[in-house]
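Here the structure comes first, spelled out in structure tokens, and everything after it is commentary.
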Amino acid sequence: MKINRLRYIPAALILVLTWASCSSPEKKQERPNILMIMSDNQSWNHVGSYGDKIVRTPNMDRIAAEGVRFTNAFCSSPSCTPARAAMLTGQDIWRLNEGANLWGVLPVQYKVYPDLLEESGYQIGFQGKGWGPGSFEANKRPRNPAGNKFGSFAEFLKGKKEGPWCYWVSSLHPHRPYVEGSGEKAGIDPNKVTVPGYLPDHISIRKDIADYYAAIETFDRELGETIAQLKASGELENTVIVVCSDNGWQMPRGLANLYDFGTHVPLIISWPGKFKQGVVADNMVTLNDLAPTFLELGKTKVPAEMTGKSLLPVVENGKEEKSRDFVVLGRERHAFVRQHGLGYPGRAIRTKDYLYIKNYEPNRWPAGDPPFYGDIDPYMFNWPGETKYYLIEHKNDPKVKPLFELSMGKRAAEELFDIHKDPDQLHNLAALPEYQKVKQELAAKMRNYLIETKDPRETNGNSKVWDTADYFSEVDKTPKPSKEMQKRFKLDSAYNYLK
């Protein structure tokens with residue numbers, strides 16, 4: 001991938017001019033269009049407008065200036081398929097049966113907002129992953145739950161008819177594998193990136209983060225190009241724009257973990273002239289809230305089973321009368337990385353002050369069985385991923401060992417973190433006497449919510465479906481590391497999780 005290190009400022013200027021001038025007359029309509037642009041595996045704090053001083057995201061920052069930027073937005077699960085399923089259905093993952101797993105299905109009985117909007121007259125489309133990875137065919141859904149698939153937004157715009165539409169640009173960035181050296185080629189200095197406290201501060205890790213930043217900048221350019229196409233179509237003023245990520249970054253303690261680095265995501269909503277502009281909202285929200293928000297925008301009935309809450313009171317008025325003071329999140333099986341396909345089930349409650357996590361099977365390996373630790377990418381040791389590799393290679397180094405254990409070692413049944421005192425969530429307070437009252441209150445509040453929303457893990461104990469559900473990626477069940485990695489880490493040529 002060739003990257004021109006001088007392209008950013010001119011590109012930003014060109015996009016500003018394009019947004020301002022390259023358009024046809026606006027066409028008014030009763031119900032707005034809805035355009036969602038989603039990055040893949042991007043943490044909330046890796047955006048310029050969210051405070052990152054290194055990564056360059058001029059298009060995300062511009063939309064934030066023209067809309068509402070949520071600082072406490074979370075995905076329902078730190079895993080692509082269930083996070084997207086929860087967003088599409090507006091429901092918590094434990095209500096979706098097999099839909100709570102990666103590489104699974106979204107059972108056909110669960111209604112998704114694209115279908116509901118289409119029934120009310122919207123034209124529906126998406127590009128990229130949409131819902132997934134998984135098999136929508138396996139349970140007889142006629143199409144991806146995200147709607148009708150297109151090769152590009154331009155193709156959708158060209159073929160659509162008059163009337164409102166809802167389109168999802170599902171980007172592939174900044175998902176791994178990153179292009180090694182792409183960060184430095186893009187002019188990102190590895191020495192200037194911030195290494196979180198749960199990772200070793202080593203140049204190979206700094207370079208890995210820089211490559212991740214370069215992938216974010218690629219996403220931001222895609223965003224700018226999409227908005228320019230929207231402006232040129234003459235429909236910008238009729239369109240609600242949503243920018244977000246599906247879950248956190250693909251680093252140890254990130255993706256597949258209930259820590260903030262796996263669940264805390266950027267979320268920006270803009271509709272200049274209709275919604276508040278330049279507002280920073282600290283409401284506790286989840287991506288599940290998008291489904292009822294989109295349905296209300298489309299004047300379409302919100303199903304009673306949706307646990308998400310519309311965000312219209314926030315984006316229209318800048319506040320919400322009865323805003324939540326917590327969100328509850330969960331995970332079941334991420335990748336097929338333990339013998340017999342077992343997952344690592346957990347639930348978490350996040351307030352503005354604390355994160356409490358309940359691990360239901362603390363005897364299992366949270367990052368996947370050794371030596372692969374496959375819930376951390378690269379999950380099969382066959383593409384670049386120096387952060388994971390460095391942790392494993394130096395796990396006996398006294399300075400690295402505690403960080404290796406944080407990411408890959410077994411965990412307590414309960415975890416509690418003070419968000420303000422310990423933003424990197426390094427120190428588990430759950431066993432300390434002075435935090436017992438806080439822990440018990442959070443545990444009770446979470447349990448009440450899980451019972452209210454009919455989570456099998458807290459009601460009838462019928463949770464085997466998540467460990468036994470079909471997994472539609474056969475290659476994951478018998479991973480084969482590359483010859484280079486076999487030699488580097490003294491690995492066997494093949495493994496079998498089905499024995």
Side-chain angles (χ1 to χ4, degrees), residues 26-40 63 67-68 83-91 106 110-132 136 141-171 222-223 225-227 229-246 267-272 274-275 286-303 306 308-312 315-316:
E26 293 285 352
K27 305 162 189 173
K28 303 295 181 183
Q29 61 189 31
E30 181 183 356
R31 297 187 292 173
N33 308 316
I34 301 167
L35 175 62
M36 179 169 66
I37 307 98
M38 176 184 281
S39 60
D40 196 332
I63 294 171
V68 178
R84 291 161 185 253
M87 184 202 70
L88 286 161
T89 61
Q91 298 200 52
L106 179 54
Y110 300 111
K111 298 175 182 177
V112 293
Y113 76 77
D115 289 350
L116 296 171
L117 285 175
E118 187 175 55
E119 290 168 8
S120 75
Y122 270 72
Q123 298 165 82
I124 301 298
F126 80 99
Q127 68 190 60
K129 185 187 295 184
W131 170 86
F136 63 84
R141 278 191 182 267
R143 65 185 185 186
N144 188 299
N148 301 313
K149 188 165 188 176
F150 290 82
S152 67
F153 185 44
E155 178 188 339
F156 172 77
L157 289 174
K158 184 177 180 180
K160 74 174 188 64
K161 301 175 183 178
E162 291 292 325
W165 49 264
C166 180
Y167 192 83
W168 177 4
V169 176
S170 179
S171 177
E222 290 178 353
L223 169 61
E225 291 161 3
T226 300
I227 301 303
Q229 291 170 346
L230 176 65
K231 180 68 176 178
S233 75
E235 300 201 56
L236 179 62
E237 289 185 7
N238 295 332
T239 304
V240 175
I241 298 169
V242 177
V243 183
C244 62
S245 180
D246 59 345
L267 174 63
I268 302 165
I269 301 178
S270 173
W271 191 12
K274 302 288 186 178
F275 292 165
T286 73
L287 297 185
N288 304 10
D289 299 328
L290 293 179
T293 303
F294 294 167
L295 293 174
E296 282 198 5
L297 283 167
K299 296 180 171 44
T300 302
K301 184 179 179 181
V302 177
M306 286 191 174
K309 296 171 60 178
S310 173
L311 299 176
L312 288 188
V315 294
E316 289 179 340

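Nothing here was measured: the structure is a model prediction, and the numbers come from that model.
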Residue pair R141, D115: steps toward the side chain to side chain contact (heavy atoms under 4.5 Å, CB included) verdict:
CA-CA 11 Å; R141 278 191 182 267; D115 289 350; 4.2 Å; yes

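- Ring-plane geometry between F156 and F153 is classed as parallel, the angle between the planes falling under 30 degrees on a 0 to 90 degree scale with a further cut at 60.
- Within the 4.5 Å cutoff, side-chain heavy atoms of D40 are placed close to those of K129.
- Listed for the T300 side chain is no donor-acceptor partner under 3.5 Å among the backbone atoms of L117.
- From M38, atom CE reaches atom CG of L287 across 5.5 Å, with rounding to the nearest 0.5 Å.
- Nearest heavy-atom pair, L295 versus K301, reported as atom, atom and distance to 0.1 Å: CD1-O, 4.0 Å.
- Closest approach of Q91 to N288, counting heavy atoms only: O-ND2, 3.3 Å.
- Between K111 and E119 there is no salt bridge, since no side-chain nitrogen of the basic residue lies less than 4.0 Å from a carboxylate oxygen of the acidic one.
- For the residue pair V240 and P32, the shortest heavy atom distance occurs at CG2-CB, 4.1 Å.
- Residue P114 comes nearest to P145 through the heavy atom pair CG-O, 3.5 Å, listed as atom of the first residue, atom of the second, then distance.
- Between S171 atom OG and L223 atom CG the span is 9.5 Å, to the nearest 0.5 Å.
- Note that the NZ atom of K160 and the CD atom of E162 stand 6.0 Å from one another [nearest 0.5 Å].
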List the steps and the verdict of side chain to side chain contact (heavy atoms under 4.5 Å, CB included) for V315 and T293.
CA-CA 10 Å; V315 294; T293 303; 5.7 Å; no

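- Between the CE atom of M36 and the CG atom of L267 there is a distance of 10.0 Å, given to the nearest 0.5 Å.
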Stepwise side chain to side chain contact (heavy atoms under 4.5 Å, CB included) test for R31 and S120
CA-CA 11 Å; R31 297 187 292 173; S120 75; 3.2 Å; yes

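- Expressed to the nearest 0.5 Å, how far CE of M306 lies from CG of D289 amounts to 11.0 Å.
- When each of I34, I124, L157 is tested with W165 by the rule side-chain contact (heavy atoms from CB on, under 4.5 Å), just one qualifies, namely L157.
- Taking each heavy atom of L297 and F275 in turn, the nearest pair found is CD2-CZ, 3.8 Å.
- Contact record, G130 with A146: CA-CB, 3.9 Å, taken as the closest heavy-atom pair.
- Using bins of under 30°, 30° to 60° and over 60° for the plane-to-plane angle, the ring pair W168/F126 lands in the tilted bin.
- Using a 4.5 Å heavy-atom cutoff, the side chains of P164 and C166 are not in contact.
- Side-chain contact check for Q127 and Y167: at least one donor-acceptor pair (N or O, by modelled atom type) lies under 3.5 Å.
- The CG atom of L290 lies 6.5 Å from the CE atom of M87; values are rounded to the nearest 0.5 Å.
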Take K149 and N144 through the side chain to side chain contact (heavy atoms under 4.5 Å, CB included) test and state the conclusion after the steps.
CA-CA 8 Å; K149 188 165 188 176; N144 188 299; over 6 Å; no

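- Annotation: side chain of V112 is in contact with side chain of L106 (closest heavy-atom distance under 4.5 Å).
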